[in-house]
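Values below: every heavy atom of this structure, side chains too, minus hydrogens, waters and symmetry copies.
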Amino acid sequence: QVQLVESGGGLVQAGGSLSLSCAASGNSGSINTMAWYRQAPGKQRELVARVTRGSNTDYADSVKGRFTISRDNAKDTVYLQMNSLKLEDTAVYYCNAAERRTDATVYYFWGQGTQVTVSS
């Protein structure tokens with residue numbers, strides 16, 4: 001079973017930067033796309049950024065030009081570099097991984113989440 005552990009959350013001033021990491025363990029060789037989601041209080045969980053095993057990426061419009069997602073397949077880790085942070089970036093950030101199993105079905109796994117708080 002895939003397990004995901006996020007790290008790097010914290011408090012940062014608006015305009016500042018923060019870097020998140022998510023390390024996968026378990027059957028990590030079967031992981032395909034990895035992604036970062038976030039959820040603010042009272043709001044739906046939303047996709048922030050996504051990266052395939054081949055390092056193709058896409059981003060939510062709200063973070064384009066400010067956030068960068070990357071991965072290190074050898075370390076089974078995905079990263080999210082967040083620059084020019086805004087108050088509206090405040091949320092719990094969750095790591096997600098898609099595992100393609102032998103029977104071709106896909107399962108999704110979530111980390112516990114890490115709090116990112118942007119202050120004025």
> Quick one: does NZ or CZ of Arg71 land under 6.0 Å from the six-membered ring centre of Tyr79, within 45 degrees of the ring axis?
Replying inline: no

> When rounded to the nearest 0.5 angstrom, what is the spacing between OH in Tyr94 and CD in Gln112?
Replying inline: 8.5 Å

> Are Arg45 and Trp110 side-chain neighbours, meaning at least one heavy-atom pair lies under 4.5 Å?
Replying inline: yes

> What distance separates Ser120 OG from Leu87 CG, expressed to the nearest 0.5 Å?
Replying inline: 5.5 Å

> Are side-chain heavy atoms of Asp89 and Met82 found at a separation under 4.5 Å?
Replying inline: no

> Considering only heavy atoms from C-beta outward, does the side chain of Thr117 approach that of Gln115 to under 4.5 Å?
Replying inline: yes

> Which distance, rounded to the nearest 0.5 Å, do you find between the CD of Gln81 and the CG of Asn83?
Replying inline: 4.5 Å

>> Does any part of the side chain of Ser7, heavy atoms only, come nearer than 4.5 Å to the side chain of Thr114, both counted from C-beta?
In response: no

>> I want to know whether Trp36 and Phe67 have ring centres closer than 6.0 Å.
In response: no

>> For Ala40 versus Ala91, what's the shortest heavy-atom pair and its separation?
In response: N-CB, 3.9 Å

>> For the residue pair Arg101 and Tyr107, would you count it as a cation-pi contact if the rule is NZ or CZ under 6.0 angstrom from the ring centre and within 45 degrees of the ring axis?
In response: yes

>> Quick check on side-chain contact (heavy atoms from CB on, under 4.5 Å): which of Val63, Val92, Val116 does Arg38 satisfy it with?
In response: Val63

> Does a donor on one side chain and an acceptor on the other come within less than 3.5 Å for Asp72 and Thr77?
Replying inline: no

> What heavy-atom pair brings Gly8 and Leu18 nearest, and what distance separates the two atoms?
Replying inline: O-CG, 3.5 Å

> From Cys95 SG over to Met34 CE, what is the distance, rounded to the nearest 0.5 angstrom?
Replying inline: 4.0 Å

>> Are the side chains of Val5 and Cys22 in contact, using a 4.5 Å heavy-atom criterion?
In response: no

>> Do Gln13 and Leu85 make a side-chain contact, defined as non-hydrogen atoms from C-beta onward lying under 4.5 Å apart?
In response: no

> Can you tell if the side chain of Tyr93 reaches within under 4.5 Å of the side chain of Val48, non-hydrogen atoms only?
Replying inline: yes

>> Run Ser30 and Glu99 through side chain to side chain donor-acceptor pair (under 3.5 Å) and show every step you take.
In response: CA-CA 5 Å; Ser30 65; Glu99 179 197 25; 2.9 Å; yes

> Considering residues, nucleotides and ligands other than Arg100, do more than 12 of their heavy atoms fall under 6.0 Å from its CZ?
Replying inline: no

>> I need the Gln1 CD to Ser25 OG distance, nearest 0.5 Å.
In response: 11.0 Å

> At what distance, to the nearest 0.5 angstrom, does CZ of Arg50 lie from CG of Asp58?
Replying inline: 4.0 Å

> What residue among Ile69, Asn56, Thr33, Leu80 forms side-chain contact (heavy atoms from CB on, under 4.5 Å) with Val51?
Replying inline: Ile69

